[in-house]
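Heads up, the thing below is written out as structure tokens.
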Amino acid sequence: MQKILKSSIITIAGLSMATSCMFGANDLQSIMKERNLSEKDVLSAAKTYQPSGRKDEYIVFSSGGQSGQVLVYGVPSMRIYKYIGVFTPEPWQGYGYDEESKKVLAGGMMRGKQITWGDTHHPALTEKNGEYVGDYLFINDKANPRIAVINLHDFETTQIVVNPVIKSEHGGSFVTPNTEYVIEASQYAAPFDNEYHPIEEYESVYRGAVTFWKFDYPKGKIDEKASFTLELPPYMQDLSDAGKGESMGWGFTNSFNSEMYTGGIEKGLPPFEAGMSRNDTDYLHVYNWQILEKLVQDEKNYKVINNHRVVPIEVAVKNNALFLIPEPKSPHGVDVSPDGRYIIIGGKLDTHASVYDFRKIKELIDKKEYAGTDPFGIPILDMKKSLHGQVELGLGPLHNSYDEKDGIVYTSLYVDSQIVKWDYKNLKALDRVNVHYNIGHLDTMEGKSSKPKGKYAIALDKLSIDRFNPVGPLHPQNHQLIDITGAKMELIYDMPIPLGEPHDVVSIAASKLKPAMTYKMGTNTRTGEQHEAMTLAGQERVERNGKDVKVYATMVRSHINPEHIEVNKGDNVTIYLTNLERAQDETHGFAVDMYNVHASVEPGKTASVSFVADQEGVFPYYCTEFCSALHLEMMGYLYVKDPNKKYESVKASKLKTLSPEALKAEYDKVIATNKATDDVIQSVVKYLQDKKYERFPEVKQLVEDALDQYSKIKDVKAKADESYKKGDVNNAILWEYQVWQYMVKTADVGLRAKNNLTKALATPMSPAAARGEEAYLKGGCNGCHVIGQVSSGPDLTGVLLRHENGEKWVFDFIKDPAKFYEDEYIKSMINFFNLRMPNQHMADPEIKDIIEYLKWIDENAAIN
Ligand code: RUQ
Ligand code: CUA
């Protein structure tokens with residue numbers, strides 16, 4: 001017994017010691033000790049941590065790998081903001097579960113088959129003069145050659161196009177400097193047609209290709225008819241990049257099977273991997289899309305395959321639009337420098353990175369100085385004469401991303417698990433940092449644009465082995481954040497990625513993104529146009545045409561209109577949903593139980609769900625987003641009747657009803673509640689108007705939403721009064737409750753507006769005042785003093801003005817209140833409150849900070 005007692009005392013003592021240390025003067029030190037953090041760790045935390053409410057400087061779009069989605073996260077916090085459904089259905093966003101998005105996914109059908117996943121690799125942003133513009137994002141699907149367009153005005157996928165000729169791809173999406181085209185290069189060579197061809201036809205029929213997808217910027221859509229493809233030899237093309245600046249108009253694609261090896265391990269032949277890495281060099285393909293786009297205007301220059309224009313190799317060669325340059329065997333990344341002059345190729349099997357000089361390439365092309373031709377007649381430029389130089393970087397150089405500083409690039413080393421920083425003009429390595437482990441792509445902020453910002457690098461590591469808590473044999477991926485501002489790169493954060501193998505990312509300054517916060521009323525978000533079934537308040541209805549039933553419904557906090565839908569078994573049911581909200585973040589979801597449909601209906605959006613009502617029964621439908629305090633009540637019933645069945649006549653059960661007196665009493669009560677609630681609303685409205693809320697857009701928006709809610713009261717109130725007049729007190733009560741619902745919603749938003757306005761009006765707190773507030777709260781001063789109000793202690797507003805030489809007086813009083821207990825004024829206060837100000841044993845600097853806080857309170861006293 002004694003032992004237990006003793007140990008619990010020790011525990012309590014230990015605990016209180018720990019807490020007092022935690023909040024003591026040297027609390028950072030004790031936390032560091034307790035959590036075993038080095039000074040470097042704490043610095044890293046300070047570089048990445050975002051205090052609540054603080055926003056990130058950069059937004060990163062990451063491919064979601066095999067998940068077929070795109071991830072969005074922030075830098076430097078590495079907080080994940082969104083998964084965007086692209087090639088794969090995504091239930092939260094209703095993607096693939098509502099009709100509008102099903103149409104987008106259907107655009108990605110291949111040969112009549114729905115493909116419900118994708119292997120996303122390379123996201124690319126729209127560009128202007130080679131700089132990133134935050135309008136659209138493109139992402140490719142390696143497994144099923146497709147490109148998707150994501151509209152960054154709402155972060156929704158709006159288009160998927162299927163490559164008509166290639167059967168496998170990898171070198172996409174890369175955009176030309178003004179987003180004229182999205183480049184998509186093939187990977188595994190295959191016949192362009194959709195027929196059977198044995199491997200013996202590899203050299204004669206199997207082909208590689210680069211497709212140029214024309215982007216119609218004003219429409220935000222890829223124009224499939226205006227797009228075309230350049231035929232290439234079956235060299236297994238890999239990554240690509242578009243020229244810019246002095247290489248504007250050109251494109252570059254490397255390859256890894258100039259041997260045209262065809263494998264055959266099952267026949268006892270050496271495998272692909274041996275045969276494809278036999279030659280010392282492969283080919284960098286250099287082509288001019290500006291020449292090609294002119295060529296495809298004339299039908300003698302192209303073949304039509306699967307309804308798509310393909311420029312044959314010989315036509316491109318004849319028109320000086322296609323060349324080859326040897327590159328060290330089986331390379332990987334190809335990245336054009338910000339000014340467009342240099343092209344850096346990662347060696348992969350070679351320890352070097354090769355820097356090609358476009359000026360030299362252009363000179364050889366102009367002089368028609370060729371070192372030979374390949375078996376397809378494509379001119380080959382001399383490697384040495386095209387090179388600016390090569391640098392030995394380490395094992396497995398893959399990808400490159402540029403720095404803000406001219407001539408500086410960062411390269412990932414897959415085998416060495418490192419990032420190396422080097423000078424590609426003077427050809428020397430400068431620094432290296434270890435990553436964990438086996439890095440593929442890397443990205444520096446806006447690092448592949450013509451104006452890189454540098455600042456941070458992200459390492460996309462393929463393995464994470466020992467970095468995180470184990471979650472089974474399938475490990476998360478690891479994105480590591482590296483501070484690249486100093487001479488030495490510093491690894492500062494590890495982020496486990498729980499989705500797919502996210503091959504590549506693209507980053508953009510957050511300030512360049514201007515996503516909408518709500519939709520224009522009735523928007524079909526997948527087309528951007530007004531939905532033909534937009535339904536406004538009062539237009540809710542059910543239309544029947546034989547077996548087709550169309551329900552035009554609206555959603556607003558917190559009801560779905562209609563609340564009862566009756567159909568016959570076998571009917572084709574479509575429910576159109578318009579979210580009437582104008583407030584930010586008031587999304588309503590819609591699900592019908594057991595019918596596998598779901599829609600996310602953001603404010604202003606119109607979406608629809610369709611199904612065949614093939615099951616008889618009663619099916620609740622409801623809102624799937626916790627949108628208000630009465631979210632659970634946001635529901636309805638779908639009744640599916642069998643038209644061939646006779647149902648017993650309806651027996652409405654009679655539960656006991658209230659007496660007229662009881663009804664009247666309830667009616668009076670709800671009227672009184674509504675009156676009181678309305679008074680609160682009016683006082684808030686007065687405050688907002690007095691303070692001229694319209695000056696602050698965010699507040700204005702909230703007020704508009706509040707007034708929007710409030711405006712609905714009139715109609716409902718009329719219904720209540722009418723019911724009451726008719727003697728239907730029961731319904732009058734229900735309508736009054738509905739009035740109250742709208743009032744609560746109005747007050748909810750109104751008070752949020754008031755808070756925002758108060759914050760917007762307040763003068764910023766100095767660091768001293770902020771420390772003072774903290775000391776004030778930690779000292780427990782708020783236990784007795786409430787600012788702006790007399791409570792168990794006096795209101796401290798104006799305390800500095802109430803005393804002569806106020807600051808000194810307050811200082812002395814906090815320091816030692818007992819000295820003042822006999823003072824006349826304090827005596828009267830003690831009498832009034834029946835409490836004495838205790839000594840809080842504050843340190844002098846803390847008291848000084850509290851005085852700064854009190855000054856700040858006085859400055860802002862008029863606001864509250
Ligand atoms: S590739 S890990 Cu699919 Cu971009 Cu190099
Ligand atoms: Cu709307 Cu929950």
Side-chain angles (χ1 to χ4, degrees), residues 62-66 92 94 118-124 139-143 145 168-174 183-188 236-241 253-254 256 330-335 345-349 396-401 411-415 417 419 435 437-443 448 458-463 477 479 500-506 553-561 563 577-581 583 585-591 598-603 605 607 620-636 741 745:
S62 171
S63 83
Q66 300 90 330
W92 174 48
D119 185 12
T120 60
H121 272 242
H122 307 109
I139 182 97
N140 68 325
D141 174 4
K142 169 169 168 157
S168 160
E169 63 112 284
H170 190 218
S173 353
F174 297 94
I183 292 176
E184 182 186 33
S186 62
Q187 179 114 85
Y188 307 124
M236 305 297 192
Q237 284 70 25
D238 197 27
L239 289 169
S240 309
D241 202 3
T253 296
N254 57 26
F256 60 81
S330 301
H332 194 44
V334 44
D335 298 282
I345 309 264
K348 198 171 81 180
L349 296 188
L398 290 188
H399 295 283
N400 315 290
S401 191
T411 297
S412 55
L413 302 179
Y414 179 81
V415 181
S417 289
I419 289 179
V435 296
Y437 304 87
N438 298 85
I439 177 173
H441 278 270
L442 81 169
D443 187 42
K448 290 153 206 155
I458 300 168
L460 282 74
D461 305 330
K462 307 284 185 197
L463 309 183
Q477 304 274 315
H479 284 196
E501 187 204 319
H503 293 264
D504 189 16
V505 300
V506 64
T554 59
M555 304 176 92
V556 78
R557 274 161 288 169
S558 311
H559 51 261
I560 302 165
N561 186 353
E563 294 185 333
L577 302 141
T578 299
N579 182 341
L580 298 176
E581 306 277 358
D585 209 6
E586 279 301 340
T587 295
H588 301 292
F590 182 82
H598 183 240
S600 171
V601 199
E602 297 92 44
K605 178 166 164 177
Y621 54 83
Y622 70 102
C623 167
T624 58
E625 288 271 334
F626 209 108
C627 52
S628 74
L630 286 139
H631 148 78
L632 295 179
E633 288 78 353
M634 195 164 177
M635 55 86 60
Q741 290 306 338
K745 286 163 205 156

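These numbers come from the heavy atoms of this one structure, side chains and all, not from hydrogens, waters or symmetry mates. Read the numbers this way: they start at 1 and go in the same order the structure lists the ligands and their atoms.
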Looking at Tyr414, is its backbone amide N or carbonyl O close enough to the side chain of Ser412 to form a donor-acceptor pair, meaning the two atoms are under 3.5 Å apart? no

Do Lys142 and Gln187 meet the criterion of a side-chain donor-acceptor pair at a distance under 3.5 Å? yes

May I ask which of His503, His332, Lys462, Gln187 has a heavy atom nearer to atom 1 (S) of ligand 1 than the others do? His332

I'd like to know if atom 5 (Cu) of ligand 1 has an N/O/S atom from His399 within less than 2.8 Å of it, counting both backbone and side-chain atoms. yes

Is the distance between atom 4 (Cu) of ligand 1 and the nearest N/O/S atom of His441 smaller than 2.8 Å? yes

Kindly assign one of parallel, tilted or perpendicular to the pair His170 and His332, based on the angle between their ring planes and the thresholds 30° and 60°. parallel

Just which atoms of ligand 1 are under 4.0 Å from any heavy atom in His122? 1 (S), 3 (Cu), 4 (Cu)

Atom 1 (Cu) of ligand 2 to nearest N/O/S of Cys623 less than 2.8 Å: yes

Looking at His588, which of its N, O or S atoms is the nearest one to atom 1 (Cu) of ligand 2? ND1

At the 4.0 Å heavy-atom cut-off, does Lys142 count as touching ligand 1? no

With distance as the sole test, does Glu586 use its side chain to make a donor-acceptor pair with the main-chain N or O of Arg557 at under 3.5 Å? no

With distance as the sole test, does Asp238 use its side chain to make a donor-acceptor pair with the main-chain N or O of Asn254 at under 3.5 Å? no

Within a strict 4.5 Å, meaning less than it, do heavy atoms of the Met555 and Leu580 side chains meet? no

Which atoms of ligand 1 sit under 4.0 Å from any heavy atom of Gly440? 2 (S)

Can you tell me if, anywhere in His170, an N/O/S atom lies at a distance from atom 4 (Cu) of ligand 1 that is smaller than 2.8 Å? no

Please report, to 10°, the angle around atom 1 (Cu) of ligand 2 from atom SD (Met634) across to atom SG (Cys627). 100°

Within a strict 4.5 Å, meaning less than it, do heavy atoms of the Ser401 and Asp335 side chains meet? no

